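Just so you know, residue 1 is the first one in the sequence shown, and it goes up from there. Both counts, for ligands and for their atoms, begin at 1 and track the order of listing. Fair warning: this is a prediction, and the values are worked out from it, not measured in the lab.
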Amino acid sequence: MSMNNTAYIGRFAPSPTGPLHFGSLVGALASYLHAHQHKGQWLVRMEDLDPPREQPGAAASILHSLQIHGLQWHGEVLYQSQRLDAYRAQLDELMSRQQVYRCNCNRKKIQAAGGIYDNHCRNRHIESPPFALRVKVDGQCIHFVDLIQGPQQQDVKHEVGDFTLQRKDGLFAYQLAVVMDDIEQNISHIIRGSDLLCSSARQLYLFDLLGATPPKFGHCPVATHTCGQKLSKQNHAPALVDGDATNNLWRALHFLQLQPPEELLGEDVKKQLNWAIGYANLNAIPQQMGIVI
Ligand code: GLU
Ligand code: ZN
């Protein structure tokens with residue numbers, strides 16, 4: 001690609017498992033504002049990799065809601081479902097470099113062992129499907145400085161183990177697809193919810209394995225139910241009512257502790273976003289998860 005590698009390019013990467021809800025609006029808004037304050041581009045990528053979990057119409061509904069909330073993206077939306085050949089080719093290449101291997105271990109057994117994979121299949125020869133493909137993890141602890149959460153480290157080798165790049169059911173794993181697409185789209189900054197903080201070290205491992213410069217990460221707090229559970233499509237977070245967009249947007253600015261003035265409440269979304277791009281101090285975004293809404 002002929003893009004300037006030093007340019008700021010951010011993204012929002014929803015999975016179309018349901019309509020946009022308040023938690024995902026907060027993540028989208030934080031990354032949108034960060035990109036615009038840096039005079040960068042903000043892309044949207046639809047992570048439609050897992051058909052059984054998808055809801056018909058959710059992708060279109062999410063895109064519509066983003067637009068209603070004033071969150072217009074640059075260029076075309078990239079759909080992961082259009083990238084399957086690229087994921088397959090990358091896995092073939094890693095296979096020929098002997099960096100991935102076949103595994104037919106039982107998921108329940110791995111979970112029972114604390115979720116850390118013991119690399120059991122590294123030296124086994126598995127002929128017949130079904131099998132997953134795992135990447136060999138070797139090397140040092142991964143360190144990085146998160147733009148919001150500060151210094152982080154994870155010893156992926158010992159805390160995670162060799163991890164899955166293609167699932168036993170044939171679906172490509174989120175970790176592989178997200179990193180390949182962030183490389184393909186020259187993403188320089190990833191601002192997203194802190195429920196994904198624990199994936200970052202694995203992703204940095206893959207950026208390195210694929211020979212790419214990693215982006216900077218910033219993980220913002222995620223909205224929770226009053227019981228402390230993350231607000232997500234899986235636990236039936238209510239869809240945002242598009243007719244309440246101005247109110248939703250103000251609440252999202254408030255949730256991120258960006259101190260939107262009261263006068264902006266009820267104002268047009270474009271006006272609220274312009275205020276936020278011009279004046280909101282993104283350093284004020286708190287670290288903690290679990291703020292109750
Ligand atoms: N598609 C993922 C999700 O909706 C987010 C991926 C990412 O931002 O890295 O949870
Ligand atoms: Zn195995």
Verdict with supporting geometry, I190 and V178, side chain to side chain contact (heavy atoms under 4.5 Å, CB included) | CA-CA 11 Å; I190 295 176; V178 77; over 6 Å; no

Might you work through the salt bridge (Lys or Arg N to Asp or Glu O under 4.0 Å) test for D138 and R122, ending with a clear yes or no?
-> CA-CA 12 Å; D138 288 307; R122 256 204 199 202; 3.3 Å; yes

For F12, is the nearest heavy atom under 4.0 Å from an atom of ligand 1?
-> no

Cluster question for you: counting only ILVMFWY and a side-chain heavy-atom cut-off of under 4.5 Å, with indirect links fine, are L66 and I68 together?
-> no

Quick check: does C103 have an N/O/S atom under 2.8 Å of the Zn ion (ligand 2)?
-> yes

For ligand 1, which atoms sit closer than 4.0 Å to a heavy atom of V178?
-> 9 (O)

Between Q185 and R11, does a side chain to side chain donor-acceptor pair (under 3.5 Å) hold up when you go through it step by step?
-> CA-CA 9 Å; Q185 296 188 291; R11 52 56 159 196; over 6 Å; no

Does any N or O in the side chain of N106 come within less than 3.5 Å of the main-chain N or O of K109, such that one atom is a donor and the other an acceptor?
-> yes

Report the angle formed at the Zn ion (ligand 2) by atom SG of C105 and atom SG of C121, rounding to the nearest 10°.
-> 100°

Does any N, O or S atom in N119 come within less than 2.8 Å of the Zn ion (ligand 2)?
-> no

Using non-hydrogen atoms of the residue, decide whether R11 is closer than 4.0 angstrom to ligand 1.
-> yes

CZ/R107: more than 12 non-hydrogen atoms of other groups inside 6.0 Å = no

Mark up the atoms of ligand 1 that fall under 4.0 Å of a heavy atom belonging to Y174, in ascending order.
-> 6 (C), 7 (C), 9 (O)

Between L196 and ligand 1, which part of the residue brings a heavy atom under 4.0 Å of the ligand: side chain, backbone, both or neither?
-> side chain

Here the atoms of ligand 1 under 4.0 Å from any heavy atom belonging to S15 are 1 (N), 2 (C), 3 (C), 4 (O)

D169/R167 salt bridge by N-O under 4.0 Å criterion | yes

